Number of protein chains: 2
Amino acid sequence: MPNQPDPVLRLLWRHDAGEPEGPRRGRKQRLTVDDVVDAAIRIADRDGLAGLSMRLLATDLGLGAMSLYTYVPGRDELLALMVDRALGRRELPAMPDDLPDRMALIARVQYEELQEHPWLLEISGLRAWVGPGASDRYEWQLSGLEGVGLDDIEMDQTVALLSGFVGSVVQAQQRIRQDERTSGLTQAEWWAANADELDVVMAGRAYPLAGRVGAAAGEAYQAATDPAREMEFGLARIIDGLMSYIEDKQAAER
Amino acid sequence: MPNQPDPVLRLLWRHDAGEPEGPRRGRKQRLTVDDVVDAAIRIADRDGLAGLSMRLLATDLGLGAMSLYTYVPGRDELLALMVDRALGRRELPAMPDDLPDRMALIARVQYEELQEHPWLLEISGLRAWVGPGASDRYEWQLSGLEGVGLDDIEMDQTVALLSGFVGSVVQAQQRIRQDERTSGLTQAEWWAANADELDVVMAGRAYPLAGRVGAAAGEAYQAATDPAREMEFGLARIIDGLMSYIEDKQAAER
DNA sequence: ATCTATTCCGTACGGCGTACCAAAAAGTTA
DNA sequence: TAACTTTTTGGTACGCCGTACGGAATAGAT
């Protein structure tokens with residue numbers, strides 16, 4: 001015996017339950033759900049998830065705080081709608097012919113999206129709702145991997161591998177940005193200001209590799225004008241690994 | 001002119017500023033910072049970051065709420081201490097001889113740790129403090145990659161690639177667990193209960209690939225008794241890609 | 001004109017992090 | 001021993017948060 005279907009699905013897919021058309025009773029809503037979600041995305045883009053409160057959003061929309069709850073059952077559901085709409089608003093470019101290029105494109109789209117909507121990475125304890133945006137995106141990602149010799153599970157894992165990697169790169173970048181914002185110092189300035197203190201505090205413990213590598217990495221990321229460069233190394237290795245797996249598999253089948 | 005050093009560093013490294021030794025004035029602290037941090041980790045392991053409030057932690061320790069603030073300046077700093085202590089408490093196994101094994105070990109340690117302390121993935125907006133636990137860990141990770149032909153920046157990026165990938169795998173696993181917890185249904189049950197509703201709500205939109213692949217992936221993950229298997233595919237591809245890069249580089253140098 | 005369904009929104013509750021302050025306890029000094 | 005100084009302790013309170021509740025306003029149906 002199946003349970004009740006999940007009511008949030010109707011909202012995600014903007015499916016007005018039951019009512020076929022025509023005017024309905026009661027007072028009219030001044031806004032649409034999309035208005036609400038778009039405003040929420042705008043705020044979160046600027047101030048992060050922590051800066052998005054129901055009261056602020058309501059005020060921003062010219063509503064009383066509690067009126068929001070006629071559009072959306074609660075904050076978590078609003079976040080789910082934001083995620084799906086952010087995914088859905090982006091238009092998905094045509095897949096190129098070359099397979100490695102298709103993999104890189106899947107990663108690049110994810111990368112740009114996370115740059116644009118950093119709060120996507122802040123959402124962690126939330127359920128993974130199936131909405132139109134997520135579905136379109138997943139379908140598009142898979143279309144870049146269809147027919148190359150991967151089985152279904154491998155296709156899913158490949159998508160997960162590519163977008164998971166991008167997520168971790170952007171998260172690392174954002175942590176750096178966060179450090180600079182809250183300390184008011186650039187990475188270089190922070191290390192300069194704390195070098196003596198670190199010497200004192202480490203009190204004899206030596207980090208030969210970490211010291212050397214950390215300094216080199218710090219300088220390199222500092223100098224990087226184009227932050228996308230930080231992604232290149234890992235992405236190239238991943239695509240290499242995927243391509244050689246696919247080629248081996250094709251060779252074995254022949 | 002350098003700014004003031006960061007006061008949290010003293011705390012992270014448990015460096016009692018100034019006072020060399022001997023009895024100090026004033027009332028004695030009933031507990032140590034480690035007591036506080038360990039209790040916080042215990043709570044977060046069980047209930048997640050959302051379940052860890054300052055009041056609850058204080059009560060758990062037999063303190064009044066505000067007494068916590070003599071051990072720790074605030075909640076964010078407590079989280080930083082928790083992260084570093086969680087990293088530091090794990091003992092790091094010796095690196096094996098084989099390079100691919102060393103890479104796999106770096107990933108496996110990260111994997112086990114995130115399973116043990118899922119809240120590590122919930123911490124996102126926080127600064128990346130340099131503590132003894134993080135430093136030991138980074139040094140250990142780098143020791144597995146030293147002398148194989150990678151330059152410093154590549155070593156850093158390789159560590160980031162491996163542990164970033166593991167993070168995304170565990171995060172995906174946890175999202176599934178979260179879905180099952182809040183919906184009260186297993187993945188299979190949820191899809192069964194919502195299949196009809198999804199048909200209605202999707203209203204003609206077709207997802208040929210997503211439907212096929214999603215179903216296959218869902219079944220596979222369902223059946224997986226050992227969740228570590230979900231990591232194998234991606235990790236194998238990454239290590240392949242890294243190894244072939246290193247081998248090419250060594251060949252070019254010779 | 002009345003009824004009913006719906007949206008709007010003011011008020012309020014419990015929980016959060018934490019600022020502030022007075023009381024308690026320990027070492028130092030007289 | 002008594003007075004002073006320093007530190008911990010913990011009660012109270014402030015301003016946020018998400019949101020439950022209920023009454024007022026507004027729309028179509030009768």
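On a predicted model such as this, the values are computed, not experimentally measured, just so you know. Reminder, nothing fancy here: chain letters follow the sequence lines and each chain counts from 1.
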What donor-acceptor contacts under 3.5 angstrom involve side-chain atoms of residues 128-135 of chain B, with partners at least two apart or in another chain?
{"unit_1": "B:Ser135", "atom_1": "OG", "unit_2": "B:Gly131", "atom_2": "O", "d": "2.8"}

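- Applying the salt bridge (charged side-chain N to carboxylate O under 4.0 Å, His left out) test to residues at least two apart or on different chains, the pairs with a partner in residues 186-204 of chain A are A:Glu197-B:Arg10.
- Atom pair B:Arg25:CZ and D:dT7:C1' shows a separation of 10 Å (rounding to whole Å applied).
- Within residues 31-47 of chain B, no residue approaches DNA chain D, by heavy-atom distance under 4.0 Å.
- Counting only heavy atoms from C-beta on, A:Gln29 has its side chain closest to C:dT7 among C:dT7, D:dT9, D:dA29.
- Using a 4.0 Å cutoff on non-hydrogen atoms, the parts of residues 65-85 of chain A near DNA chain C are A:Met66, A:Ser67, A:Thr70, A:Tyr71, ordered by number.
- Residue B:Lys28 has no polar side-chain atom (N or O) positioned under 4.0 Å from OP1 or OP2 of D:dT9.
- Looking at which nucleotide of DNA chain C each of A:Gly26 and B:Ala50 is closest to, the 5′-most match is held by A:Gly26.
- In this structure, CZ of A:Arg30 is placed 11 Å from P of D:dT26, rounded to the nearest angstrom.
- A:Tyr71 pairs by the side-chain hydrogen bond (donor to acceptor under 3.5 Å, both in side chains) definition with nothing, not counting sequence neighbours.
- Judged purely by distance below 3.5 Å, without hydrogens or angles, the side chains of B:Arg181 and B:Gln178 pair a donor atom with an acceptor atom.
- Salt bridge absent: B:Glu116 and B:Arg89 never bring a charged side-chain N and a carboxylate O closer than 4.0 Å.
- Residue pairs meeting the side chain to side chain donor-acceptor pair (under 3.5 Å) criterion with at least one partner in residues 72-83 of chain A, sequence neighbours excluded, do not occur; the list is empty.
- In this structure, A:Arg55 atom CZ and C:dC16 atom C1' are separated by 13 Å, rounded to whole Å.
- Atom CZ in B:Arg27 sits about 7 Å away from atom P in C:dA26, given to the nearest Å.
- Between B:Leu52 atom CG and C:dT18 atom P there is a gap of 12 Å when expressed in whole angstrom units.
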Would you be so kind as to tabulate the donor-acceptor pairs closer than 3.5 Å made by side chains of residues 53-64 of chain B, with sequence neighbours excluded?
{"unit_1": "B:Ser53", "atom_1": "OG", "unit_2": "B:Leu56", "atom_2": "N", "d": "3.1"}
{"unit_1": "B:Thr59", "atom_1": "OG1", "unit_2": "B:Arg55", "atom_2": "O", "d": "2.9"}

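- Considering only residues two or more places apart in sequence or on other chains, B:Thr182 meets the side-chain hydrogen bond (donor to acceptor under 3.5 Å, both in side chains) condition with none of them.
- Legend: residues meeting side-chain hydrogen bond (donor to acceptor under 3.5 Å, both in side chains) with A:Arg14, ordered by chain and number and at least two apart, are A:Asp34.
- Summarising the geometry, the separation between CE on B:Met54 and P on C:dC16 is reported as 12 Å, rounded to the nearest angstrom.
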